[in-house]
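Here the structure comes first, spelled out in structure tokens, and everything after it is commentary.
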Amino acid sequence: MPSRILLPLVIVLALAAPFLTANTYFHHLMVLWMLFSLLALSLNVIIGYIGELSFGHAAFFGIGAYTAALIGMNFGLAGIPGLVLAAIVAGLFGFVIGYVSLRIVGPQFAILTLGFGSIIYTITNYWVDLTRGPMGISNIQPLGLWGEGGPALTGARGYYYLTLFLVIAFAYACHALLNSRTGRAFIATRENAPLAASLGIDVFRIKLLGFVVATAVAGVAGGVYAHYLTVITPDVMSLQYVAALIIMVIVGGRGTIAGPIIGALIYVALLEALRALGPLRLVIFAALLTASVIFLPGGIVSLWRRITGEDTRPREAAE
Amino acid sequence: MDYIVLAQQIANGLVNGMTYVLIATGLTLVFSVLHIINFAHGEFYMLGAFFTYFAAKLLGVDYISAAVIATLAVAALGVLANRLFFWPLRKEHEFTILLSSLGLALLLTNGGELLFGADPKYVDSPFADSIVQAGQLVVTQQRVLIFVVGAVILLALNLFIRHSRMGKMMRATAQNPEGAALTGVNIRQVYTVTFVLACGLAALAGALVGPTAMIFPTVGSWAVLKGFIVVILGGLGSIPGALIGGLSLGVIEALAGGYISLGFAQAIGYAIIIIVLLWRPQGLFGIARRT
């Protein structure tokens with residue numbers, strides 16, 4: 001079982017990584033990687049465990065970001081209360097939208113979430129009184145413990161450790177979930193919903209539960225993102241980010257825990273490596289994505305299985 | 001209440017709605033026949049508009065010929081897109097195909113930005129500045145053209161699918177691909193024809209709308225979004241649904257923009273769709289897979 005040695009090694013490496021270099025830009029990229037990992041892991045709950053494709057996930061990220069920013073600005077509660085509220089608000093939106101959309105499945109669900117995502121994006125763009133419209137919100141204060149005063153997180157290194165902690169905590173939660181009764185209900189629902197229902201699983205409730213958890217975590221990621229970058233615009237909810245998140249999950253490997261984290265790394269690293277190419281960058285990126293989807297449908301994680309012969313894929317549907 | 005203004009809003013809404021219908025028909029056709037959700041569909045709309053622009057500029061032909069050339073060229077590109085991105089994946093999971101089309105969409109948008117430049121362009125049309133007057137209603141000729149061409153094309157498409165041999169083969173494939181293949185339907189040909197029709201329809205919409213609005217390489221994501229909204233409203237895979245859904249979305253948006261708030265017109269359009277979906281989750285004319 002190599003993962004018994006591998007996992008602590010990876011965690012130690014991740015903890016030591018910021019001290020390998022004093023380059024703050026490198027630290028910035030590490031924070032982005034962790035933020036996207038958290039988002040991709042949350043989307044993975046929907047894509048990998050429930051087995052539905054959501055095109056509205058960036059909207060919940062945006063809701064979290066705007067909630068945290070507005071709470072910080074209007075009530076001076078930038079910090080843990082802001083993040084908790086970001087999770088609650090994003091989760092509430094997730095509950096309402098999930099309640100409506102999860103009644104249908106497959107492609108219809110994907111498009112319906114895309115529609116909801118666009119509504120939230122449009123409203124954010126036009127509700128200038130609340131969100132300042134396309135200008136976005138700037139000068140968001142750094143993340144403190146409890147509002148202003150007291151210790152506040154500054155610098156990329158601090159945010160890196162915060163996001164790393166969140167990623168490890170959520171990854172562990174996903175792992176624990178998959179080995180629990182509820183987790184098995186998730187997998188049963190994904191594999192064969194009618195059969196799962198016949199075993200007494202409330203399919204709709206299980207799906208809704210997964211959807212709400214995923215959106216609430218996306219809200220937390222949004223809150224941290226807003227405090228870290230200090231600027232947010234409605235663009236964080238645009239189709240570009242939706243596509244990016246889905247790319248991370250699928251290219252990394254859906255239904256696994258390592259997959260979305262690797263996918264996020266590839267996304268951040270590849271865009272950085274191709275930065276010198278200017279506008280050609282996204283063309284190459286799109287070509288790589290398409291090629292990886294066509295030639296490696298199981299994601300990068302499936303390469304590991306091909307090399308070692310170990311079954312890392314948790315009971316995938318044989319379509 | 002001012003009835004002239006109301007009638008004018010409805011007329012404008014119907015014209016906008018017809019462009020939505022043209023976009024959505026291709027989407028819904030590809031879904032109903034091949035069970036593919038094509039995220040790159042909007043990019044063919046974008047290409048249609050840009051090809052019209054460049055055909056008129058570089059070849060020096062008039063607007064009508066440029067639009068026809070652009071439509072045919074994009075329809076030919078549809079063959080290529082099918083051979084490279086869709087046909088090889090026909091046996092894969094539906095997520096894989098969806099992502100492949102998302103990759104194609106990103107490729108075309110960013111490639112378009114690279115080739116055409118990111119600055120907005122206007123397509124010149126002799127019909128854009130002259131008007132048609134009916135009573136007190138005023139509509140530009142271009143908008144009349146959009147509506148008439150849209151209606152004629154949809155009628156022709158309907159006849160083609162109902163009565164031609166290929167149309168029957170497409171309907172058979174939609175019902176059961178394996179069964180159709182067993183009775184001698186050439187599935188490969190059905191794929192090709194479906195994509196040619198869908199991409200051609202999207203390009204035609206782009207070529208028609210080009211003179212009434214600015215065009216830019218990222219317009220494809222707007223188009224595909226509108227297409228999807230219409231398709232959800234009407235029901236995925238239903239052509240009458242696309243027609244009713246598109247026209248109603250156009251009219252709803254025009255009325256909301258005219259009487260409530262221009263900025264929120266789109267959001268109000270979406271909100272009405274959600275109300276419809278609460279009542280019928282599968283769309284007005286759709287048949288949903290339910291759990």
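Heavy atoms only: backbone and side chains are in, while hydrogens, waters and symmetry mates are out. Residue numbers begin at 1 in each chain, while the letters A, B, ... track the order of the sequences.
- Contacts between A:Ile120 and chain B at a heavy-atom distance below 4.5 Å are absent for every atom of the residue.
- Among B:Phe50, B:Tyr53, B:Phe216, the single residue meeting the ring-ring contact (aromatic ring centres under 6.0 Å, His included) criterion with B:Phe116 is B:Phe50.
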Residue pair B:Tyr191, B:Phe86: steps toward the ring-ring contact (aromatic ring centres under 6.0 Å, His included) verdict: CA-CA 9 Å; B:Tyr191 262 77; B:Phe86 297 104; 8.5 Å; no
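- The aromatic rings of B:Trp222 and B:Tyr45 are tilted relative to each other, their planes meeting at an angle between 30° and 60°.
- Of the atoms belonging to B:Leu98, it is side-chain heavy atoms, and not backbone ones, that fall under 4.5 Å from chain A.
- For A:Ile119, the parts sitting under 4.5 Å from any heavy atom of chain B are the backbone and the side chain alike.
- Looking at B:Leu107, both its backbone and its side chain come within 4.5 Å of chain A, counting heavy atoms on both sides.
- In this structure, chain B has a heavy atom under 4.5 Å from the side chain of A:Phe116, while its backbone stays farther away.
- Proximity to chain A is limited to the backbone of B:Leu104, based on heavy atoms less than 4.5 angstrom apart.
- Within a 6.0 Å radius of CZ in A:Phe93, other residues, nucleotides and ligands contribute 12 heavy atoms or fewer.
- Within a 6.0 Å radius of CD in A:Glu272, more than 12 heavy atoms belonging to other residues, nucleotides or ligands are found.
- Comparing A:Asn125, A:Leu114, A:Ile123, A:Leu53 by how many heavy-atom pairs each has under 4.5 Å with chain B, the most go to A:Leu53.
- We find the CD1-OG1 distance between A:Ile262 and A:Thr256 to be 7.0 Å, quoted to the nearest 0.5 Å.
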